[in-house]
Amino acid sequence: HHHVGLSTWAQFGPLMGHNDLANLPELCVNPAVNVLTDCWQGKPAVCVAAGPSLQKNLAVLTDPAVRERVAVIAVGTMYAPLRALGILPDMVTTIDFQPLNWTDQFRFVPLDADLPLVYLHSTWPQTIRRWPGPCFAAQNGSDFLGWLRPYLPTPGFDASYIQTVAHLNVLVALAIGANPILLLGQDLSMPHDAHHAPGARAQDATPREAPDGHIETRDFQGAPTWTRHSWLSMHSVFRRIVAQHPERTW
């Protein structure tokens with residue numbers, strides 16, 4: 001977990017620092033996720049990620065009788081495919097600090113003016129500034145924010161230890177009081193010839209294309225599957241979150 005965090009900061013630290021500064025006006029204006037506390041108390045939420053298994057499970061949300069009973073919190077990479085299927089999420093989350101966050105995920109997709117965005121403070125600035133709906137901020141773990149936090153008008157929403165936007169999905173589900181919390185497309189693994197769900201705005205390589213970058217292991221049913229060191233680290237964060245909230249059904 002420590003190695004993955006260090007590698008991310010080593011490669012993208014300057015860009016994330018730039019975004020921290022550029023997004024300061026939005027941090028002072030947009031409310032923190034805290035204002036959504038318990039707005040979905042005791043009702044089910046579905047956290048939609050972009051794993052390959054999403055293709056076989058997503059159809060359940062196209063049933064209007066199911067859709068109206070659950071809150072759908074979707075990662076930004078899946079917003080376009082969900083919209084194409086007629087599934088409009090209740091919230092979209094993003095943490096991506098690169099320009100592709102705007103150009104690949106949102107720029108050419110119609111955005112609903114009522115759709116809330118929950119973003120990490122180091123997100124690419126254009127994503128926040130061009131989002132037509134309400135925006136809610138989560139704070140990262142940068143030194144800049146650590147220095148700034150005492151001067152902010154309200155306490156922030158701490159998302160400093162997350163490594164993937166799917167972690168933010170779960171933190172939002174916890175904040176709104178959802179129970180149970182269902183993880184859809186949350187594989188942290190992949191078959192030999194795929195890396196994300198079809199239609200996901202995600203760039204990656206399959207194990208077949210880059211076997212040296214993947215690890216062959218066993219899934220929860222004992223069948224062979226592929227994963228990566230970074231995904232194993234993300235798995236440890238999910239385990240930590242679940243262990244901290246035994247009062248929720250996962």
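In this text the structure is predicted, and so the values were computed from the model without any measurement. Positions are given from 1 along the sequence.
Atom NE2 of H229 has 12 or fewer heavy atoms from other residues, nucleotides or ligands within 6.0 Å. Dense packing is recorded around CG of D63, with more than 12 heavy atoms of other residues, nucleotides or ligands lying under 6.0 Å away.
Here the closest heavy-atom approach between residue G51 and residue A197 is recorded as O-CB, 3.3 Å. Residues F238 and L188 approach most closely at CD1-CD1, 3.9 Å, considering heavy atoms. Contact between M190 and P207 at its shortest, heavy atoms only, is SD-CD, 3.2 Å. The shortest non-hydrogen separation linking A80 to V109 is CB-CG2, 3.8 Å. In terms of heavy atoms, A200 sits closest to M78 at CB-SD, 3.7 Å. The two residues M234 and H167 have their closest heavy-atom pair at O-NE2, 3.0 Å.
Under a hydrophobic-cluster definition in which Ile, Leu, Val, Met, Phe, Trp and Tyr are linked whenever side-chain heavy atoms come within less than 4.5 Å, directly or via other members, L6 and Y161 are assigned to different clusters. Under a hydrophobic-cluster definition in which Ile, Leu, Val, Met, Phe, Trp and Tyr are linked whenever side-chain heavy atoms come within less than 4.5 Å, directly or via other members, L88 and V118 are assigned to different clusters. Put simply, I128 and L15 are part of the same group of oily side chains (I, L, V, M, F, W, Y) that touch within less than 4.5 Å, one to the next. In this structure, V172 is not a member of the same hydrophobic cluster as L115, with clusters built from ILVMFWY side-chain heavy atoms closer than 4.5 Å. Cluster membership for L174 and V165, using ILVMFWY side-chain heavy atoms within less than 4.5 angstrom, is shared.
The salt bridge (Lys or Arg N to Asp or Glu O under 4.0 Å) check on R208 picks up nothing, with sequence neighbours excluded. The side chain to side chain contact (heavy atoms under 4.5 Å, CB included) test applied to Q55 returns P198, not counting sequence neighbours. For W131, the ring-ring contact (aromatic ring centres under 6.0 Å, His included) partners at least two apart in sequence or on another chain are F106. Scored by the salt bridge (Lys or Arg N to Asp or Glu O under 4.0 Å) test, D187 finds no partners at all (sequence neighbours excluded).
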Listing, residues 239-247 side-chain donor-acceptor contacts under 3.5 Å, not counting sequence neighbours, or none:
from: H245; atom 1: ND1; to: E247; atom 2: OE2; distance (Å): 3.2

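With respect to Y119, the side chain to side chain donor-acceptor pair (under 3.5 Å) criterion is satisfied by exactly one of N101, N23, N30: N30. Each of I215, T225, T217 was compared with S189 under the side-chain contact (heavy atoms from CB on, under 4.5 Å) criterion, and only T225 meets it. Test I73, T37, D38 against I176 for side-chain contact (heavy atoms from CB on, under 4.5 Å) and you get one pass: I73.
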Residue pair H3, S7: steps toward the side chain to side chain contact (heavy atoms under 4.5 Å, CB included) verdict: CA-CA 6 Å; H3 174 74; S7 298; 3.6 Å; yes

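In this structure a side-chain-to-backbone donor-acceptor pair under 3.5 Å is missing from Q105 to W102. Distance alone, capped at 3.5 Å, places no donor-acceptor pair between the W231 side chain and the H235 backbone. Side chain of N169 to main chain of C47: no donor-acceptor pair is present (N/O by atom type, distance under 3.5 Å, no hydrogens or angles). Using modelled atom types, one side-chain atom of N179 and one backbone atom of T249 make a donor-acceptor pair closer than 3.5 Å.
Between the side chains of D20 and S122, no donor-acceptor pair is found at a separation under 3.5 Å.
The line from CD of E209 to CG of D204 is 9.0 Å long, rounded to the nearest 0.5 Å. Here the straight-line distance linking atom CG of L24 with atom CG of L148 works out to 6.0 Å at 0.5 Å rounding. Taken from CZ in R67 to CG in D90, the straight-line distance is 4.5 Å, to the nearest 0.5 Å. Atoms CG and CD, on L168 and Q163 in that order, are 13.5 Å from each other to the nearest 0.5 Å. Taking CD1 of I181 as the start and CZ of R248 as the end, the distance is 5.5 Å to the nearest 0.5 Å. Residue T127 holds its OG1 atom at 11.5 Å from CZ of R107, rounded to the nearest 0.5 Å.
A heavy-atom distance below 4.5 Å is found between the side chains of P224 and E216. With contacts defined as side-chain heavy-atom distances shorter than 4.5 Å, the pair T123/N19 does not qualify. For the pair W124/L100, no side-chain contact is recorded, criterion being any heavy-atom separation below 4.5 Å from C-beta on. At a threshold of 4.5 Å between non-hydrogen side-chain atoms, the residues V75 and V92 do not count as touching. Using a 4.5 Å heavy-atom threshold, the side chains of L117 and T93 count as separate. Under the 4.5 Å side-chain criterion, counting only non-hydrogen atoms from C-beta, V70 is not in contact with L182. Side-chain contact between W226 and H192: present, with at least one pair of heavy atoms (C-beta onward) separated by less than 4.5 Å. Considering only heavy atoms from C-beta on, M91 comes within 4.5 Å of L36 through its side chain.
Under the 4.0 Å criterion applied to side-chain N and carboxylate O atoms, D96 and R201 are not assigned as salt-bridge partners.
Residue pairs meeting the side chain to side chain donor-acceptor pair (under 3.5 Å) criterion with at least one partner in residues 69-81, sequence neighbours excluded, are Y79-R83.
Aromatic ring centroids of F12 and F97 lie under 6.0 Å apart.
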